[in-house]
Structures are given as structure tokens and as C-alpha cells.
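Letters A, B, ... mirror the listed sequences (proteins, then strands); counts begin at 1.
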Amino acid sequence: MKIATWNVNSLKVRLPHLLDWLAARQPDVVCLQETKLEDGKFPCAEIAAAGYQVVYAGQKTYNGVAILSKQPLLDVAAGIAGYDDLQQRVLAATVDGMRVICVYVPNGQSVDSDKYQYKLAWLQALTRLLRDELTRYPKLIVLGDYNIAPEDRDVHDPAAWAGSVLVSEPERAAWRELLALGLKDSFRLFDQPEQTFSWWDYRMAAFRRNMGLRIDHILLSDTLAPSCTGCVVDKDLRKLERPSDHAPVVAELAG
DNA sequence: ATGGCGGCTCGCAGCCGA
């Protein structure tokens, strides 16, 4: 099965791209971030017509997450239990016995901002949630926009980015804590082309010059990781008119 | 060169993303 994550940066604007992409690629499960839609405005009919069930947790202007699936979505839960968050950033559902958790990690803005402290606290809360979920769901997949480039090879210009938000050591330490729960970065299970990224700034012709970061990730529990047969970034959507600044990441699981 | 682009809003300027 094919399972994907994509930060759409407004589902309203990106819906035509999404529908074309679903038809072309036929992923089984798709997690979306930054839908930026109140639930009453979610395009349910269009997504149903494309052959997908969908659950979503949105808000006006910012954030918002959704899970699309060809198979039924069960035991749906939004947010992080025990962590009050007005921002809609987490959505979980069970698909075919596999727990799927869609995450939109806070950006953090800059390392000296309140938003950065929120990001670090939020990542701690996510770690607690995932530790708990892993006790109940050995087959766990956590995918989304992590807003962390885990290593320097995930950054187009590590020297220019050194110490800044998205690459700072506390963020990378939080990333390693997630992996230490028993999760694998599916992208790094395979040989990959150098300079593979999932986000490029809209400015400075960054996509054309491949000035990007790899910040969108698919984490697989140690139980699930052996069944992963590939993980790629699908850059085609970033080449279209009016693209999202993120490209989808797609993992293939056997069986 | 801290700008640049593109999304959003009780909008027409300012905030936010990454």
C-alpha cells in the first residue's frame, strides 16, 4: 500500500492539485497538513467522489489536518490527549489494523521566540502521546510536516542554516527522542539521491535552484519498518502553477 | 542585502509560514 503526507498550504487553493494527484498516483492513505479550513468548509464531496473516505480537524486561517483513505478510518482521535492545544495539529485513525497519526509540528518561527518554546513543549507532548500509542498499536505510522531537518544532509546549505529554527540542536534532539521510542525514518531506510528535500521557499527561485530542506517525514514503528519497500519525495506537484511550498512524501508498504 | 512569495483575514496591511 502507498501512504503519503503532504502539507498543502491551503486545501482550498490546492484542491485541484490534490484531486489530480490522487487520480494519477492512487495512494491508499494521504495525510494533509495546513488545510486552513474550518470543518464546515471541508471539501468532503469532492474527496468522496475521488474514492476516499476522509476525517479532518481544522480551523480558520491556520493549521488543520486531514486523513484520506480508501479503506475505512476507525477510532478517530484529534489532538494530543492531556495536552490542551487550540491549534489543530494532530489527527489519528486506524486503517486496516495500522494506527496512522497525521502531525503538523509547530514551525517555531525563530529560536528566540515564544513560538519556539511552544514547539519544543509540543514535541515533548507528542513524544508522550506516541509512547502511549505504541503500547496499543505495534503497527504505527506517524507522518506529516515535522518542521525539523534531522541532519545537515537534509539542508541545502547547512552553514547558512546552522543553529536556526528547523535545524537547531534542541529540535534535532527532540527528533532523536521520537526515533528512540522505536520509530524509523522511512526515507533513510533506503539509498537516496543527495540533496533530496521536501520544502522549498517560494522566494529566491528556491525550487529551481533546489535550495530546500527535508522536513516532511514518514516514521514507521519498528514492527512496521521491515515491510517498507520504498520512500520518495514526489517533486512533480511542486512544479505546477500555484504550488504548495511542500512536496508530498510517499512510502510503500508491502502487503 | 533579513528582502524576496504566497497564504490568510469582519482584508486593501499585517501576520504567518519555513
Margin query: So that I can tick it off, tell me whether A:Arg172 and A:Asp152 are bridged by a salt bridge, with the cut-off set at under 4.0 angstrom between side-chain N and carboxylate O.
Written below: yes
- Query: Given the C1' atoms of B:dT9 and B:dG4, what is the spacing between them in whole Å?
  - Reply: 22 Å
*Is any NZ, NE, NH1 or NH2 atom of the basic residue among A:Arg128 and A:Asp132 found under 4.0 Å from an Asp or Glu carboxylate oxygen of the other?*
no
Q | Pairwise P distance for B:dC5 and B:dC10, with rounding to whole Å | A | 25 Å
### Charged N-O contact under 4.0 Å between A:Asp234 and A:Lys2
no
- Message: Distance check, P atoms only: B:dG11 and B:dG6, in whole angstrom units.
- Response: 23 Å
inquiry  = I'd like the C1' distance from B:dA1 over to B:dC16, given in whole Å.
reply    = 22 Å
Query raised in the report: Which part of the nucleic acid does A:Gln109 contact within heavy-atom distance under 4.0 Å: base, sugar-phosphate only, or nothing?
Result: base
Note: contacts of residues 55-68 of chain A with DNA chain B (heavy atom, under 4.0 Å) are A:Lys60, A:Thr61, A:Tyr62
In whole Å, measure the gap between the C1' atoms of B:dA18 and B:dT2 for me. 14 Å
ask   = Does the pair A:Asp185 and A:Arg214 meet the rule for a salt bridge (Lys or Arg N to Asp or Glu O under 4.0 Å), with working shown?
value = CA-CA 12 Å; A:Asp185 178 358; A:Arg214 192 176 70 91; 2.8 Å; yes
Is there a donor-acceptor pair closer than 3.5 Å between any side-chain N or O of A:Thr5 and the backbone N or O of A:Val249? no
So the side chain to side chain donor-acceptor pair (under 3.5 Å) pairs with at least one residue in residues 95-105 of chain A (sequence neighbours excluded) are A:Glu34-A:Tyr104, A:Thr94-A:Arg99, A:Arg99-A:Glu133
Within residues 144-161 of chain A, the residues having a heavy atom closer than 4.0 Å to DNA chain B are A:Asp145, A:Asn147
Contacts of A:Phe42 meeting ring pair (Phe, Tyr, Trp, His ring centres under 6.0 Å) (sequence neighbours excluded), chain-then-number -> A:Tyr56
Parallel, tilted or perpendicular for A:Trp161 and A:His156, by the 30°/60° rule?
perpendicular
ring-ring contact (aromatic ring centres under 6.0 Å, His included) test vs A:His217 passes for just one of A:Trp199, A:Phe187, A:Trp175, namely A:Trp175
So the contacted stretch of DNA chain B, first to last nucleotide with an atom under 4.0 Å from a non-hydrogen atom of chain A, runs from B:dG4 to B:dA18
Pick base, sugar-phosphate or nothing for A:Val13, based on heavy-atom distances below 4.0 Å to the nucleic acid.
sugar-phosphate
Side chains of A:Leu18 and A:Leu68, heavy atoms from C-beta outward: is any pair under 4.5 Å? yes
With sequence neighbours left out, the residues meeting side chain to side chain contact (heavy atoms under 4.5 Å, CB included) with A:Lys115 are A:Gln109, A:Ser113
Comparing A:Tyr202 with A:Val165, nearest DNA chain B nucleotide closer to 5' gives the residue A:Tyr202
Walking DNA chain B from its 5' end, the first of A:Arg242 and A:Met204 to be reached, judged by nearest nucleotide, is A:Met204
